[in-house]
Amino acid sequence: MNFLNFEYVLSIKKIGTIRGAAEELFISPQALSEHLAKLERELGTPLFRRTKPMTLTEAGERFVACAETCLEAKKQFEVELAGISQKNDRHISLGVPTGMSPPMLLSFLSYFHNAHPELTITTVELPTRTGAFNEIPGHIDAVIGEFQEENSKLLYTPILQSSRFVVAIHRELLSKAVGAEKAEWITANVQNDVPTKLSEFQNCPFVLKRTGSITRSNEDRLFRTANFQPRGDMETGDMELTVRMVLLGQAAVYLPEPVALANLMLPSVSGWNDSILLCLTETKNELWQLAVGYSRYRHVPQSVSVLVNAAKNYYQSVLGENA
């Protein structure tokens, strides 16, 4: 049992459905349902009646009372901790999601150090982007990641946005998967910046995001819209492994264009760039966003504003002109 369990149960109680609560928590319904089932097995009793809307059992009522008390105590402790630590504006504690760090993060941190030597940054991996980023821990000043929208506890400042999504694929794999003639046509589309329907790649093996993640849910939705389910040769949240698969021509990957550029084209991957195509696809009302998030209710050091401006300058100059 942990604070995340408390947040999840309170959200289900408030919304009344797994799907609605999952949207509020920025996780997939499947992941939330699995979390609830695991918690109920741990406690040895159901917390909800599976009605529409879901209602609390007697055990659920007691659990909610405990959850509200514990979360309020946690909030008070974090306020006191922030006062004790007396953070100054010369240091930033920056949270990043484990296994899903923003593109070119190390390059940005180097840029920031050179541009603002008077400030220091400590990066802290947070165990998950779904939940840990729903409420920033007390020792973290800000978080940076691929957030889509604000929630009741966090504010986000967009750093870079893009509505362009691409299939990154090795030229040899493209020819093998769709045939030489169609591969030539898709290559011409790339050269002329013309979108290609995602369904044209249905015979390609893909590296898919990890099952149960919010990024996988979005990916599955986009493939369903294109009327096919790709063959997944690997499921992973590890970008380094994903890039390696693409560079070796073992699978394609579907990514926002800035992410593909950062990992496959910028900086140059010696000997490989000419072999990789970033094939622009047709999408409607899709938006990828890199953002810095911070608490609505806690003091935010002035240095975070400096970080936000530096991030905008860096990412827009390096990736914005190429996205």
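Of the possible polar contacts, one joining the Ser317 side chain to the Tyr314 backbone as a donor-acceptor pair under 3.5 Å is found. No donor-acceptor distance shorter than 3.5 angstrom exists from the side chain of Glu125 to the backbone of Gly95, with no hydrogens or angles considered.
Between His91 and Thr122, the side chains place a donor N or O and an acceptor N or O closer than 3.5 Å (distance only, hydrogens not considered). In the model, Asn189 has a side-chain atom that pairs as donor or acceptor with a side-chain atom of Thr196 under 3.5 Å. A donor-acceptor contact under 3.5 angstrom links the side chains of Glu34 and Gln30, judged on distance only. When only modelled atom types and interatomic distance are considered, Trp288 and Gln161 share no side-chain donor-acceptor pair under 3.5 Å. Ser162 and Glu257 form no side-chain donor-acceptor contact under 3.5 Å, judged by distance and modelled atom types alone.
Exactly one of Val166, Val167, Leu208 qualifies for a side chain to side chain contact (heavy atoms under 4.5 Å, CB included) with Tyr254. That residue is Val167.
The aromatic rings of His35 and Tyr8 lie perpendicular to each other, with more than 60° between the two planes, well past the 30° mark. Ring orientation note: the planes of Phe3 and Phe6 are nearly perpendicular, at an angle over 60° on the 30°/60° scale.
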Taking it one step at a time, do Thr157 and Tyr294 satisfy side-chain contact (heavy atoms from CB on, under 4.5 Å)? CA-CA 9 Å; Thr157 298; Tyr294 37 89; 2.7 Å; yes
Can you check side-chain contact (heavy atoms from CB on, under 4.5 Å) on Ile92 and Phe112, steps first, answer last? CA-CA 12 Å; Ile92 304 168; Phe112 185 85; 4.2 Å; yes
Full working for salt bridge (Lys or Arg N to Asp or Glu O under 4.0 Å) between Glu40 and Arg50: CA-CA 13 Å; Glu40 290 179 325; Arg50 268 52 174 186; 2.9 Å; yes
List the steps and the verdict of side-chain contact (heavy atoms from CB on, under 4.5 Å) for Phe223 and Gln202. CA-CA 9 Å; Phe223 279 119; Gln202 58 185 312; over 6 Å; no
One pair to check against side-chain contact (heavy atoms from CB on, under 4.5 Å): Glu7 and Leu71. What are the steps and the verdict? CA-CA 8 Å; Glu7 292 279 4; Leu71 289 174; 4.1 Å; yes
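With respect to Arg164 and Glu286, no salt bridge is recorded, no charged nitrogen being found less than 4.0 Å from a carboxylate O. Between Glu282 and Lys197, no side-chain nitrogen of the basic residue sits less than 4.0 Å from a carboxylate oxygen of the acidic one, so the salt-bridge criterion is not met. Ionic pairing of Arg90 and Glu118 is not present here: no N-O contact between side-chain nitrogen and carboxylate oxygen is shorter than 4.0 angstrom.
Ring-centre distance between Phe201 and Phe206: not below the 6.0 Å cut-off.
Minimum interatomic distance between Leu154 and Arg296 (heavy atoms only, all atoms of both residues): O-NE, 3.5 Å.
Rounding to the nearest 0.5 angstrom, the gap separating the CD1 atom in Ile159 from the NZ atom in Lys312 is 6.0 Å. Here the CG atom belonging to Leu105 is positioned 6.5 Å from the CD1 atom belonging to Ile144, to the nearest 0.5 angstrom.
Counting non-hydrogen atoms of other residues, nucleotides and ligands closer than 6.0 Å to CZ of Arg19 gives a total of 12 or fewer. No more than 12 heavy-atom neighbours from other residues, nucleotides or ligands sit within 6.0 angstrom of CD on Glu58. Atom CD of Glu235 is surrounded by more than 12 heavy atoms from other residues, nucleotides or ligands within 6.0 Å. Atom CD of Glu181 is surrounded by 12 or fewer heavy atoms from other residues, nucleotides or ligands within 6.0 Å. No more than 12 heavy atoms of other residues, nucleotides or ligands shown are found within 6.0 angstrom of CD on Glu184.
Grouping the Ile, Leu, Val, Met, Phe, Trp and Tyr side chains by contacts below 4.5 angstrom, directly or via other members, places Leu280 apart from Val194. No continuous path of hydrophobic side-chain contacts links Ile15 to Leu39 [ILVMFWY only; heavy atoms under 4.5 Å]. The hydrophobic cluster containing Leu56 also contains Leu43, counting ILVMFWY residues as joined when their side-chain heavy atoms lie under 4.5 angstrom apart, directly or transitively.
Not counting sequence neighbours, Phe48 has no partner by the ring pair (Phe, Tyr, Trp, His ring centres under 6.0 Å) test.
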